[in-house]
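Here the structure comes first, spelled out in structure tokens, and everything after it is commentary.
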There are 2 protein chains.
Amino acid sequence: MATAIKQLNKENLLSQGVQLLMEQGYHGTGLKEILDAVKIPKGSFYNYFSSKENYAAEVIQHYIEPFIIQLDKHLQNPELDGLSALKNYFGELITALENAGFKGGCLLGNLMGEIGGTSEACQKSLQTAVHRYQRLLAAGLKKAQNEGTVRIDKPAENMAALLTNAWQGALLRMKIEQSSEPLKQCCHDLLDDYFKVR
Amino acid sequence: MATAIKQLNKENLLSQGVQLLMEQGYHGTGLKEILDAVKIPKGSFYNYFSSKENYAAEVIQHYIEPFIIQLDKHLQNPELDGLSALKNYFGELITALENAGFKGGCLLGNLMGEIGGTSEACQKSLQTAVHRYQRLLAAGLKKAQNEGTVRIDKPAENMAALLTNAWQGALLRMKIEQSSEPLKQCCHDLLDDYFKVR
DNA sequence: AACAATAATACGACCGGTTGTCTTAAGTTG
DNA sequence: CAACTTAAGACAACCGGTCGTATTATTGTT
């Protein structure tokens, strides 16, 4: 098969995996379900990936990419200061989650909980995905520190870690409360209060 | 079978379920594995629970109970102020997680991510478990507010929500980093800084 | 108190369906 | 036609759940 089509199939497999793994979890989603969704025969799966586990590890990377790009876009916006960029970014995330009906939440958080301790390959993949994301968040906070809108008595990396942790927890709460209120409160508490200069 | 023995069997089923569901997730743990562990035949399972889903919902309640008791014990300690009680409590949790080798993490967080959006029965059970826990945490923070160690310009319920969210996120990080550092930083950031009077 | 009739429970074999993976053969390409 | 890629279906293992039966407990009748 032409390598271009093969790439396309792989891409489809990955983005369909993002959706299904996020909503139903790793063990809750069978290969058959994924393959049916992208109309690829079951026997072909192992031409694209060496195992379900390695597939999931790639899905993780494929998942985080758009978020990195979206966050970076806000941070690069020359009309926005760092703190406003972060607020806008999380605001966009919240409306997206509302429109999606609070389904799924965050693939990273869900998989960390489900298989973060049992699958070594996915653990590694989750590590790098989270680190990449958090590093970018820290860069945004550092920028805000230089602009004088965020307190400087705490390292930006530290605050970035707290922000991602609280955000993950808020996403879990969102899922069982079926409400965006936890997300809003989380952003407000940190970005409008805790991180502010005083 | 004598009802006393039946109760014992059910208890064993529940506590074994806590362990297995926490480490391997809902879909990652088969009924057979649980039943083998407590030496109860397959056919008997449905004499104790009406389905795997309802079983998991009861496991959730069985899981949270000891944490409520442990936290309450610290808060009731007349020699401790509220803030110190909270710090001691989370300190105990951290050493317990270290001794367990960072396995599992929190059953509530894991299940919220995995099936919080797909299983209605478990969603309900998770809601009440989290609320009970968070209410107790808020009571401790309120006590600390009255004692003058915690800021009063924020509602205790608000801070309790932030604390549980950040703690959940820190547990996920712990799992993939295999380190208690995220937990320690989480407690320090909130209990030693953000929540303090200023 | 002894026994029979009946109800309740415990149990392992078994259900249809699905899992992730592998073998094998057909198809594609240079 | 040789070398390689793709796909179809087979594969054993396992899933959650059911069922008929064997065992135990309870009740009713002498």
Side-chain angles (χ1 to χ4, degrees), chain A residues 1-14 16-60 110-111 114-115 118-123 125, chain B residues 1-14 16-60 110-111 114-115 118-123 125:
Chain A
M1 184 180 276
T3 54
I5 295 184
K6 173 161 183 177
Q7 271 309 109
L8 193 82
N9 278 344
K10 188 164 177 174
E11 194 87 6
N12 285 346
L13 236 22
L14 286 173
Q16 192 61 239
V18 165
Q19 202 63 31
L20 290 171
L21 290 185
M22 184 160 58
E23 288 176 19
Q24 310 180 343
Y26 179 81
H27 290 294
T29 308
L31 288 183
K32 177 174 163 34
E33 195 175 355
I34 300 167
L35 289 159
D36 284 354
V38 296
K39 298 211 171 60
I40 287 179
K42 187 167 186 182
S44 303
F45 179 79
Y46 289 87
N47 299 327
Y48 298 98
F49 303 97
S50 62
S51 70
K52 187 190 184 186
E53 190 185 358
N54 277 62
Y55 165 68
E58 286 201 42
V59 168
I60 289 164
N110 296 352
L111 291 188
E114 186 186 354
I115 53 170
T118 53
S119 160
E120 202 177 322
C122 290
Q123 187 179 90
S125 183
Chain B
M1 186 182 274
T3 55
I5 294 183
K6 174 162 182 177
Q7 270 310 109
L8 194 82
N9 279 345
K10 188 165 178 174
E11 192 90 324
N12 286 345
L13 235 23
L14 286 174
Q16 193 60 239
V18 166
Q19 203 64 31
L20 289 172
L21 291 185
M22 184 160 56
E23 290 176 18
Q24 310 181 345
Y26 179 81
H27 290 294
T29 308
L31 287 182
K32 180 173 163 28
E33 192 176 357
I34 300 167
L35 290 158
D36 285 354
V38 296
K39 298 214 172 58
I40 288 179
K42 181 77 178 289
S44 301
F45 178 79
Y46 292 87
N47 298 330
Y48 298 99
F49 304 95
S50 61
S51 69
K52 188 190 184 186
E53 189 185 0
N54 277 62
Y55 166 68
E58 286 203 41
V59 169
I60 288 165
N110 296 351
L111 291 189
E114 187 185 354
I115 52 170
T118 53
S119 161
E120 201 178 324
C122 290
Q123 186 180 91
S125 184

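Residue numbers start from 1 in every chain, and the chains themselves are labelled A, B, ... in the order their sequence lines are given, proteins ahead of strands. Because only heavy atoms are used, hydrogens play no part in the values below, and waters and symmetry mates are left out as well, while side chains stay in.
For the residue pair B:Gln24 and B:Glu33, a side-chain donor N or O sits within less than 3.5 Å of a side-chain acceptor on the partner.
Across the protein-nucleic acid pair, A:Asn9 atom CG and D:dT5 atom P stand 16 Å apart, rounded to whole Å. One can place NZ of A:Lys10 at 11 Å from P of D:dT6, the figure rounded to the nearest angstrom. Between the C1' atom of D:dG17 and the OH atom of B:Tyr55 lies a distance of 16 Å, rounded to the nearest Å.
At least one side-chain nitrogen or oxygen of B:Asn47 sits closer than 4.0 Å to the OP1 or OP2 atom of C:dA10.
Contact detail for B:Leu20 and B:Thr29: the closest heavy-atom pair is O-OG1, 3.3 Å. Between A:Lys52 and A:Leu31, the shortest heavy-atom contact is CG-CD2, 3.8 Å. The shortest heavy-atom contact between B:Ile60 and B:Cys122 is CD1-O, 4.1 Å. Across all their heavy atoms, B:Tyr26 and B:Ala56 have their closest contact at CE1-CB, 3.7 Å. Of all heavy-atom pairs between A:Glu120 and A:Glu53, the closest is N-OE2, 3.7 Å.
Within the 4.5 Å cutoff, side-chain heavy atoms of B:Leu35 are placed close to those of B:Leu13.
Picking from D:dT6, C:dG12, C:dA10 the nucleotide with the shortest atom distance to the side chain of B:Ser44 gives C:dA10.
Axis angle between the ends of the helix from C:dA1-D:dT30 to C:dG30-D:dC1, five pairs each and rounded to 10 degrees, works out to 10°.
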| Can you give one letter per nucleotide of nucleotides 16-21 of chain C, 5' to 3': B if a protein heavy atom sits under 4.0 Å from the base, S if only from the sugar-phosphate, - if neither? | ---BBB

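Two rings, from A:Tyr48 and A:Tyr55, have their centers 6.0 Å or more apart.
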